[in-house]
Amino acid sequence: MNSTAMRTHMCGELRDAHIGSTVSLCGWVARRREHGEKLAFVDLRDHSGIVQCVVDNDVDVRSEYVIRVTGVVRARPEGTVNANLPTGTVEIGDCQVEVLNIAEPPPFPVDQRADEVDEGIRLRYRYLDIRRERMQKNLRVRALVNSAIRREMESNGFLEVETPLLMPSTPEGAREFLVPSRKEPGSFFALPQSPQLWKQLLMVSGIDRYYQIAKCLRDEDLRADRQYEFMQLDAEMSFVSQDDVLENIGRAVVAAAKAVTGEEPPTIQRITWLEAMNRFGVDKPDMRFGMELVELTHVFSGTEFKAFAGAESIKGIRVDAKVYPDAAASGRNKLDALTDRAKKVGAKGLVWIKVGPDGTVESPIAKFLSEDEIRSLVTAMEAQSGDLVLIVADNWDTTCEVLGTLRNDIGRPPVHEGPYAYVWVTEFPLFVGVDPVSGTPRPGHHPFCHPHPDDISLFDTDPLKVRALAYDLVLNGWELGSGSIRIHEPELQRRVFNLLGISDEEADKRFGFFLQPFRYGAPPHGGFAFGIDRLTAILAGEENIREVIAFPKTQSGADPMTSAPTPVENSHLAELGLRLLPPPATS
RNA sequence: GGUCCCGUGGUGAAGUUGGAGUUCACGCCGGCCUGUCAAGCCGGAGGUCGCGGGUUCGAGUCCCGUCGGGACCGCCA
């Protein structure tokens, strides 16, 4: 399969079994070791690996020259086997070397040492960076993920349908990239944040099970886990319950993980949003480690301590001295830093308690607590001597969020470290908070999420308590993706819009092209989408999705290799009916 | 929009409380070398210390600004 007109084998595949065969190999010069005019060792590299070629005639080859070597595979002489190379028991002898192309010295070593090179430089010369084993591996992991997902989705009856990149702008959600229209100056296409609207229309169209490995584009600030453009497995199913969606998407994730690691990943756990918040303080819990939030409100129900008295929610986390000896032994400076961190996240303050031997405690607030309270606290926290307990008393949201943040700060391992902890988070709230201007609830996911059928009665009385048939998939504390059962009944959709403060007319104006088809018979349906880049990064052992993207952007949204984005000629703009504003004045 | 970290030959790093023409390793160029494998030995070239301004007798070092890279907050329905 690997042989071509120019080569018979790949460098990395040669083993003892090939000894005696004459081979032709093509690749790049990884290194050369010269021993005078009549002996040189050339390490030849292609994507499969490296093999040593012994050259006993005078050839001038240098790093990254592209060469073709023809010679005979032979066993290495006694004592010269290289255990560090998979091909280390053999070498290519009697080499005829043909230089196919010369090369300038590369700006950085094209091997593991480039892991230490500034990422901006790696990106400027990405085509060289990708020659390295690490990037070759990562891109191949990515391809495995994609092909496993395709195979699994298709074997489960999903049909791949491609959807447009050029679509109307919709004001909701993430900031869009705009594409000016040449034929209609002043009008614009938007690039899709996701194929959300298209896939729901495909359900109306009777496609039944749709999937696509789709490019999504969002003009939001970049992060280790966020790029302007990213890939999602996007899927939608008709006549399903939430369980149907979770099972099918779960199979695709499992298939991808298995394709990469060779092992069946652990069962994907399920947890409700409420439980996730109560136990982990976040809606994307990293379940690889403990330090769960402990409910303490009842412990201090009759307390004299002002900061605790009457607090809606009091919770604590225990920093186990056996697991986190450094954090548990934090001195005053570190504790102050933790307090600052807690305040930045929204807490009024942070109470710390160091547990000593025999139930003694050390804390700035110890004198305000009764012995009973201290005893109950230590018992509730299951605290041992040396442990550090951190307590927040506030409204429920703040208490959860602050402790969830501190828990992650103190205990969270790098995202790519095992074990893999997949979890479905279900029953997200339909609305999150209230718009400060209009006073109406804000959608938690998007306005087409189906409310939990048990909660419809709360619509008029307590809308913020309404749960949605919405769910996230979380891996090691990263949100891989989310989905929901959608509203297919126009009447229910109108009720949700009205709660959101969107009138019928306004809904029609904003989402008309999307809502009108639903009048022609929309099946009950639901779906999901998860990020291929994030899943691939974790499976590849990387903590940054740039490492699994061939040509990513930097955090500032630029490409150091192509210099994009670049200015364009005024004539180019004029053709699109555009003119630039003067640059903003700098004071 | 904000907080924090980084920027010194091609690459990675060192450079003390501000003090001579910045140092080291790798790489590069030349020479030697027949069993190396990050080969070895000898010699050589290569710098706007990101950029601009300020403080100072004197700035890689201190201050301000700016550009670039990174982590995070906001943002990502």
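Chain naming here is simple, since letters A, B, ... match the order of the sequence lines and numbering starts at 1 in each.
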Pick base, sugar-phosphate or nothing for [X], based on heavy-atom distances below 4.0 Å to the nucleic acid.
X        : answer
A:Glu119 : sugar-phosphate
A:Gly444 : sugar-phosphate
A:Leu85  : nothing
A:Arg341 : nothing

Would you state whether a donor and an acceptor, one from the side chain of [X] and one from the base of [N], lie under 3.5 Å apart?
X        : N     : answer
A:Asp221 : B:G74 : yes
A:Gln52  : B:U36 : yes
A:Arg76  : B:U36 : yes
A:Arg223 : B:G74 : yes

Inset, instruction - Check each of A:Tyr228, A:Phe189, A:Phe188 against A:Phe177 using the ring pair (Phe, Tyr, Trp, His ring centres under 6.0 Å) test, and report the only one that passes. - result: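 Between A:Phe177 and the candidates, ring pair (Phe, Tyr, Trp, His ring centres under 6.0 Å) is satisfied uniquely by A:Tyr228.
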Inset, instruction - Could you tell me whether a side-chain N or O of A:Arg76 sits under 3.5 Å from a main-chain N or O of A:Thr80, the two making a donor and an acceptor? - result: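 Indeed, once roles are kept as given, a pair shorter than 3.5 Å links the two residues.
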Legend entry - Heavy-atom donor-acceptor pair, A:Asp533 side chain to A:Met231 backbone, under 3.5 Å: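 Yes, A:Asp533 side chain to A:Met231 backbone: donor-acceptor pair under 3.5 Å.
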Inset, instruction - Establish, yes or no, whether the cationic atom of A:Arg407 lies under 6.0 Å from the six-membered ring centre of A:Phe289 and within 45° of the ring axis. - result: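 Checked: cation-pi criterion met.
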Inset, instruction - Determine, answering yes or no, if A:His35 is stacked on B:G35 under the 5.5 Å centre rule and the 30° plane rule. - result: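 Aromatic stack with B:G35 absent for A:His35.
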Inset, instruction - Give a yes/no verdict on base stacking between B:U36 and A:Phe41: centres under 5.5 Å, planes within less than 30° of parallel. - result: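 Check passed, A:Phe41 stacks on base of B:U36.
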Legend entry - From B:C37, B:C72, B:G12, nucleotide with atom closest to A:Gln555 side chain: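 Taking heavy atoms from C-beta onward, the closest nucleotide is B:C72.
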Inset, instruction - For the side chain of A:Phe108, starting at C-beta, report the closest nucleotide among B:U36, B:A38, B:U11. - result: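 So the side chain of A:Phe108 is nearest to B:U11.
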Think [X] has a side-chain N or O under 4.0 angstrom from the OP1 or OP2 of [N]?
X        : N     : result
A:Thr80  : B:U36 : no
A:Arg62  : B:C29 : yes
A:Arg31  : B:A39 : yes
A:Arg226 : B:C73 : no
A:Ser63  : B:G27 : no
A:Arg33  : B:U36 : no

Inset, instruction - Assign the ring pair A:Phe528 / A:Tyr471 to parallel, tilted or perpendicular, where the plane angle (0 to 90°) is split at 30° and 60°. - result: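 Taking A:Tyr471 first and then A:Phe528, their aromatic rings lie parallel (interplane angle under 30°).
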Inset, instruction - Over 60° means perpendicular and under 30° means parallel, so classify the ring planes of A:Phe513 and A:Trp198, tilted if in between. - result: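 If you compare the ring of A:Trp198 with that of A:Phe513, the planes turn out tilted.
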If we take the [atom1] atom in both [N] and [M], what is their distance in whole Å?
N     : M     : atom1 : result
B:A59 : B:C49 : P     : 12 Å
B:U22 : B:U61 : C1'   : 12 Å
B:U66 : B:A25 : C1'   : 33 Å

Inset, instruction - Determine which nucleotide pairs with B:A71, using a 3.5 Å limit on both distances of a Watson-Crick or G-U wobble pair. - result: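 Pairing partner, where one exists within any strand: B:U3.
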